[in-house]
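So the structure is just underneath, and the comments pick up after that.
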Amino acid sequence: MKSKNKAVWGTRFNKPISKKFEKIGASIDIDKRLFEEDILGSIVHAQMLGKQKIINKKRSKKIIGGLKKIRNEIKRNKFNFSKKYEDIHLNIEKRLFTIIGSDAGYLHIARSRNDQVITDFKLWIKKSSIEVIKNINGLIKSFLKKAEGNIKTIMPGFTHLKNAQPIAFAHYLLAYVEMFKRDKERFVNNINYINECPLGVGALAGTSYKIDRNFTSKKLGFKKPTNNSIDTVSDRDFALDFLSSASICAVHISRLAEELIIWNSDIFKLIKFDDKMLTGSSIMPQKKNPDPAELIRGRAGENFGKLQAMLTTMKGLPLSYYKDMQEDKKLVFDSFDILMESILISNELVKSLKPNKERMLSLANEGYTTATDFADYLVQNKNLSFREGYIISAKLVNYAEKKKKKLNELDLNEIRKIKKDLDKDVMKVFDVRNSVNLKTSYGGTSTKNIKKMISKLKKEFK
Ligand code: ARG
């Protein structure tokens with residue numbers, strides 16, 4: 001084999017790697033996505049080696065020049081990635097040799113691919129978490145806009161998918177804002193965790209060169225170097241954090257999708273989507289199907305799967321580095337791609353949905369949704385315990401059910417059959433708007449609360 005084409009470890013090997021293994025052993029098709037981070041890490045490492053006089057300044061500059069050239073080549077699609085050189089790190093190193101010659105051999109002083117790959121990966125996850133956060137912000141803004149237009153839209157709130165109590169549609173939308181706010185916080189916190197720089201721990205033991213890890217940390221935007229070289233090359237918690245946060249966010253997206261699908265159904269008819277968020281049927285001419293919502297619901301499982309795979313990979317690994325961990329990048333990249341698409345589709349869905357306000361209001365009156373308000377009225381006005389009020393209200397529901405009437409269709413005489421000493425002011429209790437507006441406790445669905453919350457959130461998400 002010509003030495004030019006040999007693996008960096010070729011000197012000890014009599015045979016090239018099995019082609020069958022190379023197919024799965026080479027990660028270049030996946031990890032070439034780390035090229036920006038890899039080159040940045042190498043540039044900073046070369047600067048540090050020069051600064052510390054571990055290599056001379058001229059050589060350091062030459063290496064950096066070559067690396068920048070490679071970055072340009074990759075950006076312009078002029079770089080030939082090769083499975084023969086396994087991964088992004090060795091592909092770049094090999095190319096550096098062809099560009100600057102034997103000086104390239106000095107770059108790998110005081111580092112290993114083990115610390116290199118985690119440095120790249122942490123930087124990538126940080127960058128990508130910021131992307132996710134941006135998109136979550138966009139989604140939250142769409143929820144807020146929709147909420148603002150629906151402060152007075154009344155609908156039934158559900159528990160067990162049974163009509164429970166009247167709520168404002170805006171309040172429901174704001175519930176999702178809270179969920180996605182927590183998702184955002186999770187990614188923000190993850191970024192705070194990824195503040196220790198792995199570069200310089202070498203294969204697992206550290207190095208005998210007088211390197212300056214504080215310098216590389218700072219230059220790469222980390223707060224400080226990692227404390228323990230063994231932990232550093234073994235640790236993939238940051239990937240797990242990302243995958244777990246992505247999974248929880250996917251849970252929220254999936255619940256949203258599921259709910260919108262139900263509401264869009266011909267049975268519920270609570271909302272409609274814009275035609276651009278629907279597809280037709282090849283056989284049934286009347287159909288308009290909510291495929292985008294269904295797809296993002298379906299894809300959430302992939303996010304969970306990537307997390308499960310990563311947890312399983314890590315649970316049996318002794319310290320420190322094992323090739324098993326190479327698969328971490330595919331899992332995280334895939335999860336990121338799926339999540340980003342799902343967030344964007346969710347955003348489109350929220351923007352495009354139109355509430356069927358009449359239907360919402362009429363459904364809010366079905367299912368005796370103001371029965372709790374009646375019990376509360378009796379407690380607050382008739383000096384009863386809640387349990388006493390509850391029983392009287394349950395009797396009224398039994399009566400209405402028998403008469404096939406909604407609670408707001410009963411007249412005062414009928415209500416007095418259940419509880420004698422009531423005056424006509426009780427009638428307002430069965431008005432769903434009144435019901436909503438009585439829920440003034442912090443976090444409740446009253447119009448006043450919602451208005452306040454929307455203006456607070458709008459300031460937060462400008
Ligand atoms: N491509 C490898 C990975 O992602 C880089 C680290 C290789 N280290 C090793 N000791 N083989 O895990």
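For clarity, every value in this text was computed on a predicted model and none was experimentally measured.
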Taking atom [atom1] as the centre, does [X] end up with more than 12 heavy-atom neighbours from other residues, nucleotides or ligands that are less than 6.0 angstrom away?
| X | atom1 | result |
| --- | --- | --- |
| Lys51 | NZ | yes |
| Phe268 | CZ | yes |
| Tyr106 | OH | no |
| Gln286 | CD | yes |
| Phe386 | CZ | yes |

Any side-chain heavy-atom pair of [X] and [Y] under 4.5 Å:
| X | Y | value |
| --- | --- | --- |
| Asp87 | Arg113 | yes |
| Arg236 | Ile118 | yes |
| Lys69 | Arg95 | no |
| Leu96 | Leu107 | yes |
| Phe158 | Lys162 | no |
| Ile88 | Phe81 | yes |
| Leu353 | Leu260 | yes |
| Leu361 | Val432 | yes |

State whether [X] and [Y] are salt-bridged, where the test is any N-O pair (Lys NZ or Arg NE/NH1/NH2 against Asp/Glu carboxylate O) under 4.0 Å.
| X | Y | value |
| --- | --- | --- |
| Glu460 | Lys181 | yes |
| Lys288 | Asp274 | no |
| Lys134 | Glu131 | yes |
| Glu22 | Lys84 | no |
| Glu36 | Lys127 | no |

Matching residue for Glu86 among Lys23, Lys323, Lys32 - test: salt bridge (charged side-chain N to carboxylate O under 4.0 Å, His left out): Lys323

[X] (side chain) donor-acceptor with [Y] (main chain) under 3.5 angstrom:
| X | Y | answer |
| --- | --- | --- |
| Asn163 | Pro156 | no |
| His171 | Gly443 | yes |
| Arg433 | Lys152 | yes |
| Lys223 | Cys197 | no |
| Thr445 | Ile167 | no |
| Asp231 | Asn227 | no |
| Asn356 | Lys269 | yes |
| Asn264 | Pro290 | no |
| Ser446 | Asn449 | yes |
| Asp115 | Gly202 | yes |

Would Met155 and Leu363 satisfy side-chain contact (heavy atoms from CB on, under 4.5 Å), going step by step from the backbone distance to the final call? CA-CA 7 Å; Met155 62 174 286; Leu363 265 194; over 6 Å; no

Classify the angle between the aromatic ring planes of Phe336 and Trp124 as parallel (below 30°), tilted (30 to 60°) or perpendicular (above 60°). perpendicular

For the pair Phe169 and Tyr172, name the ring-plane relationship: parallel under 30°, tilted 30 to 60°, perpendicular over 60°. parallel

How close do [X] and [Y] get, counting heavy atoms only, and between which atoms?
| X | Y | result |
| --- | --- | --- |
| Pro198 | Phe222 | CD-CZ, 4.2 Å |
| Phe21 | Ser18 | N-OG, 2.9 Å |
| Asn91 | Asn80 | OD1-O, 4.1 Å |

Distance-only polar pair, side chains of Thr226 and Thr232, donor-acceptor under 3.5 Å: yes

With Ser42, the side-chain contact (heavy atoms from CB on, under 4.5 Å) member among Arg111, His89, Glu37: Arg111

Phe238-Phe121 aromatic ring centre distance below 6.0 Å: yes

